[in-house]
Amino acid sequence: MNDIQVISKCRNETAVELVDLIGVENTVAVVKHFSGTQVYIPKFKNLAKEYRNSEIYEDYKKGISYNTLSTKYELTVTIIRNIIAEKKKNE
């Protein structure tokens, strides 16, 4: 039996959900890559927040003011300053 046949016949709940979500071939790739390990998958909103914060920092580096950033991203100036300070610290 090849890998695709094994995954296709598998009744493991997680494997079945993965097949339904990403297909058999991608499930084989994921199982082989992460086999036996725990994988943390962040919430989408956290990924979106990190992306937004990166965009804010890139805009800031282009010279856009705190007030303009505040308006553009609908955040307070204090939050904008905190995001930029955090990004600078991690650079």
Side-chain angles (χ1 to χ4, degrees):
M1 235 189 243
N2 66 31
D3 296 338
I4 292 175
Q5 290 172 322
V6 169
I7 293 294
S8 296
K9 303 281 185 204
C10 184
R11 296 292 169 239
N12 174 282
E13 185 178 332
T14 302
V16 170
E17 285 183 49
L18 278 171
V19 168
D20 289 345
L21 186 63
I22 63 174
V24 176
E25 290 178 2
N26 288 328
T27 299
V28 169
V30 168
V31 168
K32 284 186 171 191
H33 185 80
F34 295 106
S35 187
T37 63
Q38 288 185 335
V39 178
Y40 168 75
I41 300 173
K43 292 180 180 180
F44 187 80
K45 72 177 187 173
N46 292 344
L47 295 174
K49 182 178 175 182
E50 181 56 36
Y51 175 77
R52 180 207 63 199
N53 291 354
S54 294
E55 291 292 302
I56 289 170
Y57 189 56
E58 290 303 313
D59 284 349
Y60 166 79
K61 292 193 306 186
K62 292 176 187 171
I64 299 175
S65 72
Y66 292 117
N67 287 333
T68 302
L69 291 170
S70 174
T71 302
K72 179 178 179 179
Y73 292 98
E74 299 178 349
L75 298 169
T76 66
V77 171
T78 301
I79 291 173
I80 295 291
R81 287 181 186 276
N82 290 342
I83 290 167
I84 291 168
E86 186 67 26
K87 289 288 187 184
K88 281 182 176 179
K89 186 173 85 173
N90 293 331
E91 221 176 22

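Contact check on E55 versus R52 returns no salt bridge, with no Lys/Arg side-chain nitrogen under 4.0 Å from an Asp/Glu carboxylate oxygen.
Note: the hydrophobic cluster containing V19 does not contain V16 (ILVMFWY, side chain heavy atoms under 4.5 Å, direct or indirect links). In terms of hydrophobic clustering, with Ile, Leu, Val, Met, Phe, Trp and Tyr side chains grouped at heavy-atom distances under 4.5 Å, V77 and I84 are assigned to a common cluster.
A 6.0 Å sphere centred on CD of Q38 holds no more than 12 heavy atoms belonging to other residues, nucleotides or ligands. Within a 6.0 Å sphere centred on CD of Q5, other residues, nucleotides and ligands contribute more than 12 heavy atoms.
Distance alone, capped at 3.5 Å, is enough to place a donor-acceptor pair between the S54 side chain and the E50 backbone.
I22 meets the side chain to side chain contact (heavy atoms under 4.5 Å, CB included) test with L18, N26, T27, V30; sequence neighbours excluded.
Note that CD1 of I56 and CD of E86 are 13.0 Å apart. Values are rounded to the nearest 0.5 Å. Of the inter-residue distances, the one linking I64 atom CD1 with T71 atom OG1 reads 11.5 Å to the nearest 0.5 angstrom. A distance of 10.0 Å separates CD1 of I80 from NZ of K72, quoted to the nearest 0.5 Å. Between the CG atom of L69 and the NZ atom of K62 there is a distance of 10.5 Å, given to the nearest 0.5 Å. One distance of note links CD1 of I41 with CG of N46; it measures 13.0 Å at 0.5 Å rounding.
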*Could you give me the CA-CA distance, side-chain angles and deciding distance for D3 and V31, then say whether side chain to side chain contact (heavy atoms under 4.5 Å, CB included) is met?*
CA-CA 10 Å; D3 296 338; V31 168; over 6 Å; no
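The ring-ring contact (aromatic ring centres under 6.0 Å, His included) analysis of residues 23-52, with sequence neighbours excluded, yields no pairs.
In this structure, the side chains of Y73 and I83 stay at 4.5 Å or more apart for every pair of heavy atoms.
The two residues T14 and N12 have their closest heavy-atom pair at N-OD1, 3.0 Å.
Of the listed residues (K87, K88, R81), just one forms a side-chain contact (heavy atoms from CB on, under 4.5 Å) with Y60, and that residue is K88.
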